[in-house]
Number of protein chains: 2
Amino acid sequence: MSRNRLPQEEANGGTDAGQGSPARPTILDLAALCGVSPATVSNALAGKPNVKAQTRDLVLRKAREIGYHASSTARGLRMGRSWSIGLVVGDIANPFVPDVVRGVEDVVWRERKNLILCNTDFQAEKKTAYVRSLLDKQIDGMIVLSQILDDQDMERVEAAGIPLVTVNRRAPGHSCDYVGIDNQAGVRMAMDYLVSLGHRRIGFIKGLFRSSSADDRLAAYQEAVAAHGLDSDPSLVVQGDYSMESGDSATRNLMAAQRPTARPTAIVAANDLMALGALGALHDLGIKVPSDVSVVGFDNIQLAEHPLLNLTTINHPKRETGDSAARLLLQRIAGDRGDPPRSVILKPSLIVRGTSAPPSAAAVAKPRRRSASQPEKNQAEKKQAAGT
Amino acid sequence: MSRNRLPQEEANGGTDAGQGSPARPTILDLAALCGVSPATVSNALAGKPNVKAQTRDLVLRKAREIGYHASSTARGLRMGRSWSIGLVVGDIANPFVPDVVRGVEDVVWRERKNLILCNTDFQAEKKTAYVRSLLDKQIDGMIVLSQILDDQDMERVEAAGIPLVTVNRRAPGHSCDYVGIDNQAGVRMAMDYLVSLGHRRIGFIKGLFRSSSADDRLAAYQEAVAAHGLDSDPSLVVQGDYSMESGDSATRNLMAAQRPTARPTAIVAANDLMALGALGALHDLGIKVPSDVSVVGFDNIQLAEHPLLNLTTINHPKRETGDSAARLLLQRIAGDRGDPPRSVILKPSLIVRGTSAPPSAAAVAKPRRRSASQPEKNQAEKKQAAGT
DNA sequence: GTCCCGAGCTAAAACGTTTTTACTCCGTCC
DNA sequence: GGACGGAGTAAAAACGTTTTAGCTCGGGAC
């Protein structure tokens, strides 16, 4: 109806005698108010050089005055961006995750981008639906934490030209930026440390198969067993699923052996949650930690340092993980999409606390074979500060 | 350049001999492909009744075929919505928070809306900036967890007509939907339980002042002290800030009293984190829990049930909190904005675990005054299952 | 035969920006 | 005195939808 509206007529004026909110000002209102064209307002607000200082100041002043804020949606449509990045996690309630999220948020916030949190519950269809939704929203970039996307989703992301950073899981066959930790080094640290204490029979609670990090950690355990010539009974490796409960039951399995000498004197868990489960099980079984059995975790989640848990563990720099992922992503968004993919591999570190000690005299009384091979691999470890 | 393009010409065809992604199909492409107008395509996809079944089927088929997905941005601009809701939290790394977030995500996901996570770090300017950003994005609604917004921010949200649900903190002077827990009942449960065990001298670690929940919990403590005629030494109430460290130092303060009888036989903390801090401090001080001192927390965070912590606490239904908040918000979004504000007050429950027991004989040996008044307030509590 | 109506579709406006192109001064250079 | 150029601004196109208003066509009522 209001075709051909006069230049001075306020775009929002007049007609809203009705109810509800007074319809926030558009750039047209602001332009009319300043007596310039919308284009000039846009340029002024964007700080473009082709607008007279006097005009710019006027625009800025009036803008502040009426509280003008450009519609993200409109500029998003025009510019093909959304100033938000998608963060796909499996389970935000897992204590490992929020710390990483915190790291991501911190750097994303600096560029005033928003974080869209997608909790997939590790369900394939939820993952797919979320990825679709993110693409529909024209997100600037995407971070996928501790899981991999289907090939089809992956292709969609690539086809859309959306930068993607994967964290903790490599996407096989796809090249994108990656942030992870040196899993092998971490487990090796734990193993070398336990060996230096005198342990020869070390159990391992592995994580879910089909995940690169779980594989890496298990492989590192096996390599360490071989390198140090430790007992390599297959019953020393038990399956967990990264949950506390699984750590509990895995430990009961480990300790169920009839002959006491068949039981491990130390347990390494592929993550802290399972290690805490192990502590719980051992407590229930009346097995003393660390005097009877040592326990070492992986991740160093927040509560691991509680005096009553006091878990010896491998530190996973969680916040730094999120930080690096976000940085990589932002660089990729700003810079050339064609650059070769980059990886950031963070360094684990050993944090010695109260759940580890030399094995009891009884346990080491009966030395098995003496592997004569590794004289140089003694103890490069020392007690490290808990601060990472 | 391509002014006046012919109706049959594909909107995306021809010109992109260049590099990069092949530009996802628009509704124009789809319309051309189906030989109908964009309006019809839109109607067909939206399931409007004014399109012939045959046409609709064709459109749906072709849409699937070329993988057409409408741009969220474009329809957002047109429809004034964004299908995303803002979730403002103080610190996602606080173990209480992710569980609530999980609850929110769950119901929001059912409507295929997205969650924009805003971590304010409790900084006023970050809070303000995030709220601004959310409004610019035309979010459908907003949930604010465990904090209050400035009056100015609040007004902006109201002016924008964006539904808002506050969780755990009432916004004084503003009427909006609210989800919380009955703090008073929770603390009363804890106090009644401890009294029923025989405790007469109970310390309280309060949370940050200036927060309604902290006030409520403190008030409930004081009421219980009065109602049961307990020792009401002001030194029995110490300040914490909801962190584990503060629980630690607060407990050291409580236990620093020279005369043993001046020390509490039980400690109630305004949240689990501080309770865990208390456990740590007591452990360090060589004070046995629960034989020397009982400890009761509030929230029942995930790790509280670990066998080595085994914290007696008041359960705060966290996931249900997020669930209710999201439900309230979605109803408000869908329904009439003018309806009177609603509140959901969740019920706390006592979870008895290992950190509580009757006071030691030594501590109760010297009964102080016998308050003759409350015979009916004996023990309405019984050991409850930890499930809640 | 005319009128009306509904079914099915299209044209075009609208959403609120940014960006490209074009225009208007005005001073300077030749 | 006209051409040129640059500074500052304006007009209009573009982004990809949804929605409103209007069009066309055929059939039924009168």
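Hydrogens, waters and symmetry mates play no part in the numbers below; they use all other heavy atoms, side chains included. All chains are named by letter (A, B, ...) in the order of the sequence lines, taking the proteins before the strands, and each is independently numbered beginning at 1.
Judged by closest nucleotide on DNA chain C, B:V36 is the one of B:V36 and B:L77 placed further toward the 5' end.
For B:M79 and C:dG16, the CE to P distance is 14 Å, given to the nearest whole Å. Atoms CD1 (A:I27) and P (D:dA11) sit 14 Å apart, rounded to a whole Å. In this structure, the CG atom of B:N43 is 14 Å from the P atom of D:dT17, given to the nearest Å. Atom CZ in B:R81 sits roughly 15 Å away from atom P in C:dG16 (whole-Å rounding). Rounded to an integer number of Å, the gap from CG of B:L28 to C1' of C:dA12 is 13 Å. One can place CZ of A:R78 at 6 Å from C1' of D:dC15, the figure rounded to the nearest angstrom.
The side chain of B:A39 lies closest to C:dA11, out of C:dT17, D:dA10, C:dA11. With C:dA12, C:dT17, D:dT17 as the choices, the nucleotide that has an atom nearest any side-chain atom of A:A74 turns out to be C:dT17. Proximity note for A:T40 (side chain, C-beta onward) versus C:dC9, D:dT9, C:dG16: the nearest is D:dT9.
The stretch residues 56-70 of chain B touches DNA chain D through B:Y68, B:H69, B:A70, each having a heavy atom within less than 4.0 Å of the strand. The stretch residues 45-55 of chain A comes close to DNA chain D through A:N50, A:V51, A:K52, A:T55, each having a heavy atom under 4.0 Å from the strand. Within residues 130-142 of chain B, no residue is approached by DNA chain C to less than 4.0 Å at the level of any non-hydrogen atom.
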Distance-only donor-acceptor pairs under 3.5 Å for side chains of residues 53-65 of chain A, two or more places apart:
none

In a table with atom names and distances, give each donor-acceptor pair under 3.5 Å that connects a side chain of residues 169-177 of chain B to protein atoms at least two apart or in another chain.
unit_1 : atom_1 : unit_2 : atom_2 : d
B:R169 : NH1    : B:S213 : OG     : 3.0
B:R170 : NH2    : B:S343 : OG     : 2.6
B:H174 : ND1    : B:E158 : OE2    : 3.1
B:H174 : NE2    : B:D151 : OD1    : 3.2
B:D177 : OD1    : B:R332 : NH2    : 2.7
B:D177 : OD1    : B:R342 : N      : 2.9
B:D177 : OD2    : B:R332 : NE     : 3.1
B:D177 : OD2    : B:R332 : NH2    : 3.3

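Two end axes, each from the C1' atoms of five base pairs, can be drawn for the helix from C:dG1-D:dC30 to C:dC30-D:dG1; they diverge by 70°, to 10 degrees.
Residue-level contact check: B:S71 touches the backbone only, with heavy atoms under 4.0 Å from sugar-phosphate atoms and none from bases.
Across A:V108 and A:A326, no two heavy atoms sit closer than the pair CG2-CB, 4.2 Å. The shortest heavy-atom contact between A:C118 and A:L134 is SG-CD1, 3.8 Å. Among all heavy-atom pairs drawn from A:I143 and A:I85, the shortest one is CD1-CD1, 3.9 Å. Considering all non-hydrogen atoms of both residues, A:P25 and A:G67 come closest at CG-O, 4.4 Å.
Remark: A:D121 pairs with A:K126, B:R102 by the salt bridge (charged side-chain N to carboxylate O under 4.0 Å, His left out) rule, at least two apart or across chains. Checked against salt bridge (charged side-chain N to carboxylate O under 4.0 Å, His left out), B:K48 has no partners two or more places apart in sequence or in another chain. In this view, B:K52 satisfies the salt bridge (charged side-chain N to carboxylate O under 4.0 Å, His left out) rule with no residue, not counting sequence neighbours.
B:S146 contributes no side-chain N or O that, together with a main-chain N or O of B:N168, makes up a donor-acceptor pair within less than 3.5 Å. At distances below 3.5 Å, not a single donor-acceptor pair connects side-chain atoms of B:K127 with backbone N or O atoms of B:G90. Side-chain atoms of B:T128 come within 3.5 Å of backbone N or O of B:A124 as a donor-acceptor pair.
In this structure, A:S42 does not reach the C:dT17 phosphate: none of its side-chain N or O atoms is under 4.0 Å from OP1 or OP2. For B:S37 and C:dT10, the shortest distance from a side-chain N or O to OP1 or OP2 is below 4.0 Å. Close to D:dT18, at under 4.0 Å from its OP1 or OP2, lies a side-chain N or O of B:R75.
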Protein-nucleotides 25-28 of chain D N/O pairs under 3.5 Å:
none

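Two residues are said to be in side-chain contact when any heavy atoms from C-beta on lie closer than 4.5 Å; B:V88 and B:Q147 meet this criterion. For the pair A:R337/A:P163, a side-chain contact is recorded, criterion being any heavy-atom separation below 4.5 Å from C-beta on. Under the 4.5 Å side-chain criterion, counting only non-hydrogen atoms from C-beta, A:D106 is in contact with A:R319.
Residue pairs satisfying the salt bridge (charged side-chain N to carboxylate O under 4.0 Å, His left out) criterion with at least one member in residues 128-147 of chain B, sequence neighbours excluded, are listed as follows: B:K113-B:D140. Residue pairs meeting the salt bridge (charged side-chain N to carboxylate O under 4.0 Å, His left out) criterion with at least one partner in residues 66-81 of chain B, sequence neighbours excluded, do not occur; the list is empty.
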